[in-house]
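Values reported hereafter were calculated over all heavy atoms of this structure, with side chains retained and with hydrogens, waters and symmetry mates removed.
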Amino acid sequence: MATYNLSKQQARLFLLHHQKLTAGALPEGKQSVYEYVRHVGCIQYDPLSIAGHNHELVLQARIPGFTPVLAQELLYKDRLLVDGWDKNMSIYCTEDWPCFQRRRELSSARMLANTAVMSAVTGVREELRDRGPLSSLDLQGKEKVDWAWAPARLSRAALESLYFTGELAIHHRIHTRRYYDFAAKLLPAHLIAADDPNKTDEQYHDWYVLRRIGSIGLQWNKSGDGWLGIHQLKSKERTASILRLLAADKLREVRVEGVKMPLYMRSMDAPVLEAILAEDQVPLAPATFAAAMAPLDNLLWDRELIRQLFGFHYRWEVYKPAAEREYGYYILPLLYGDRFVARLEPVMDKKSGTLNIVRWWWEPGESLREEMIPAIQKALSALARCTQASSIAFQPEVIHNCGLKELEANLIL
């Protein structure tokens, strides 16, 4: 079994290269959006949009000139990406559709067992055939049923059930509202008809474990957010899968100084790590790169791992009561080089077209230095472009308290 021994800095550099969070890692354009999603398997979708949706924030951090229309076209015009469920609500490559057959079959069984939902399914199908694509608001009926987070209209539950089974797919979105149509009309026929390529449970587990490790870059065999969303994969099955993948040299073990548990990486990613290890002295991540990171960015999926490797403790506090928040409602980490240097709270004012930076916290020992300014200005400009802002405004107290006067000056969108 191949094992690599790394310093924490080497581990950080590998993760940043794997995640395309270095200067020049990806060129501009829609193809880079597709290639990144294909590389990591999926990116998470979240309906909140305080300063861009989560998936848009993930992409603007990596792809120069990114605007939301690039992802929208890939999803709803080119159909190379699809809204689905992987790491919770996610976006993944349409070519992966057959691999999620087990999840859709499980949803079908649940739908068939729900007599209330089944009573509405036929009518929903007819409405879609006659009037589609439709959102839940386009369907009549006030009867409610227990559903997901809270009681919902029966027609909505039936519509979403058909989506979970794969009979429907998302035709388009207007803001966060989903409009559905039959998947057979939207997705390639050969993918709709394809069998699950993973014939056995073991093959499925191995595929998913390998996929999830690739979604992050390095991962340990420890329960946590990095493993969320993989149905029917408990600790026992995950451990067995890792052992099989190690034996087949599809995974390799990584030992990092100061981290007790072994980490694992895909063997196919070894050339990137070996190039880092081949350096006589480990180079610092280029100081020409900075990025405002999404709360659910792939790099941050396992927050305990990030705490141990980067010394950065991040919690998404959006669901915490205001009085219990340490920082705020929607806080973005700021990456600079190979470390997290700050957190910021951006709020988009759509009426004025202004991206407001309402709060800013430097990490301990960090402050603005002259050499940081170009990279951080570029990162904030990318964030503003993603939100389609025409200007960026810092709250005066933020500029004064955090020493950001030079950063605000000459900020170009």
**Q.** Test log, rule salt bridge (charged side-chain N to carboxylate O under 4.0 Å, His left out), inputs Glu35 and Lys20
**A.** CA-CA 11 Å; Glu35 292 296 341; Lys20 311 301 181 185; over 6 Å; no
Any donor-acceptor N/O pair, [X] side chain to [Y] backbone, under 3.5 Å:
X	Y	answer
Trp147	Arg153	no
Gln60	Thr387	no
Ser241	Glu237	no
Ser215	Gly41	no
Gln203	Lys199	yes

Is [Y] close to [X] at the side-chain level, that is, under 4.5 Å between some pair of heavy atoms?
X	Y	value
Glu257	Lys8	yes
Leu48	Asn54	no
Asp83	Ile91	yes
His18	Arg266	yes
Asp86	Arg211	yes
Arg156	Leu139	no
Glu202	Arg244	yes
Leu332	Pro295	yes

Q) Residues two or more places apart in sequence or in another chain: which of them pass side chain to side chain contact (heavy atoms under 4.5 Å, CB included) with Ala270? A) Tyr4, Arg252, Met265, Glu274
Could I get the full list of ring-ring contact (aromatic ring centres under 6.0 Å, His included) partners for [X], not counting sequence neighbours?
X	answer
Trp207	Phe100
Tyr163	Tyr180
Phe394	none
Tyr329	none

Any chance you could measure [X], atom [atom1], to [Y], atom [atom2], to the nearest 0.5 Å?
X	Y	atom1	atom2	result
Met293	Tyr314	CE	OH	10.0 Å
Ile376	Leu368	CD1	CG	6.0 Å
Leu411	Leu355	CG	CG	9.5 Å
His313	Arg307	NE2	CZ	7.0 Å
Ile174	Arg178	CD1	CZ	14.0 Å
Ile192	Leu187	CD1	CG	4.5 Å

Q.
Taking the ring of Tyr179 and the ring of His171, is the distance between their centroids below 6.0 Å?
A. no
Can you tell whether the side chains of [X] and [Y] come within less than 4.0 Å, N to carboxylate O?
X	Y	result
Asp196	Arg104	no
Glu363	Arg339	no
Arg102	Glu105	no

Of all the heavy-atom pairs spanning [X] and [Y], show the shortest one and how long it is.
X	Y	result
Leu15	Ile216	CD2-O, 3.5 Å
Ser135	Leu159	C-CD2, 3.9 Å
Ala51	Leu383	O-CD1, 4.0 Å
Asn5	Leu277	O-CD2, 4.4 Å
Glu370	Pro374	O-CD, 3.7 Å
Leu26	Ser32	CB-OG, 4.0 Å

Q | Pairs meeting criterion side chain to side chain donor-acceptor pair (under 3.5 Å) with involvement of residues 345-358, two or more places apart | A | Glu345-Arg359, Asp349-Ser352, Ser352-Thr354, Thr354-Ser391
Salt bridge (charged side-chain N to carboxylate O under 4.0 Å, His left out) with [X]: which residues, sequence neighbours excluded?
X	answer
Arg38	Glu95
Arg369	Glu366, Glu371
Lys30	Glu73, Asp78
Arg238	none

Q: For atom CZ of Arg110, decide whether the heavy atoms of other residues, nucleotides or ligands shown that lie under 6.0 angstrom number more than 12.
A: no
Q.
Could you go through Arg62 and Asp297, starting from their C-alpha distance and side-chain angles, then the distance that decides it, and tell me whether this counts as side-chain contact (heavy atoms from CB on, under 4.5 Å)?
A. CA-CA 11 Å; Arg62 294 160 168 85; Asp297 193 280; 2.8 Å; yes
Q: For Trp301 and Gln219, test the side chains for any donor-to-acceptor distance below 3.5 angstrom and give the result as yes or no.
A: no
Q. Do Arg173 and Tyr76 meet the criterion of a side-chain donor-acceptor pair at a distance under 3.5 Å?
A. yes
Q. Does the pair Leu162 and Met111 meet the rule for a side-chain contact (heavy atoms from CB on, under 4.5 Å), with working shown?
A. CA-CA 8 Å; Leu162 291 170; Met111 185 178 74; 4.0 Å; yes
Q) When you look at Arg129 and Glu126, which way does the salt bridge (charged side-chain N to carboxylate O under 4.0 Å, His left out) test go after all the steps? A) CA-CA 5 Å; Arg129 278 192 287 267; Glu126 290 175 355; 5.1 Å; no
(Q) Does Leu168 form a side-chain contact (heavy atoms from CB on, under 4.5 Å) with Phe182? I'd like the steps, not just the answer. (A) CA-CA 4 Å; Leu168 303 182; Phe182 292 101; 3.7 Å; yes
**Q.** Partner set under side chain to side chain donor-acceptor pair (under 3.5 Å) for Arg315, not counting sequence neighbours
**A.** Glu326
Check residues 223-236 and write down every donor-acceptor pair under 3.5 Å in which the side-chain atom is one partner and the other belongs to a residue at least two apart or another chain.
{"residue": "Trp227", "atom": "NE1", "partner": "Trp220", "partner atom": "O", "Å": "3.0"}
{"residue": "Trp227", "atom": "NE1", "partner": "Lys222", "partner atom": "O", "Å": "3.4"}
{"residue": "His231", "atom": "ND1", "partner": "Tyr204", "partner atom": "OH", "Å": "3.3"}

Q: Apply the test side-chain contact (heavy atoms from CB on, under 4.5 Å) to residues Trp360 and Gln395: give CA-CA distance (whole Å), side-chain angles for both, the deciding distance (0.1 Å), then the verdict.
A: CA-CA 10 Å; Trp360 185 288; Gln395 293 293 314; over 6 Å; no
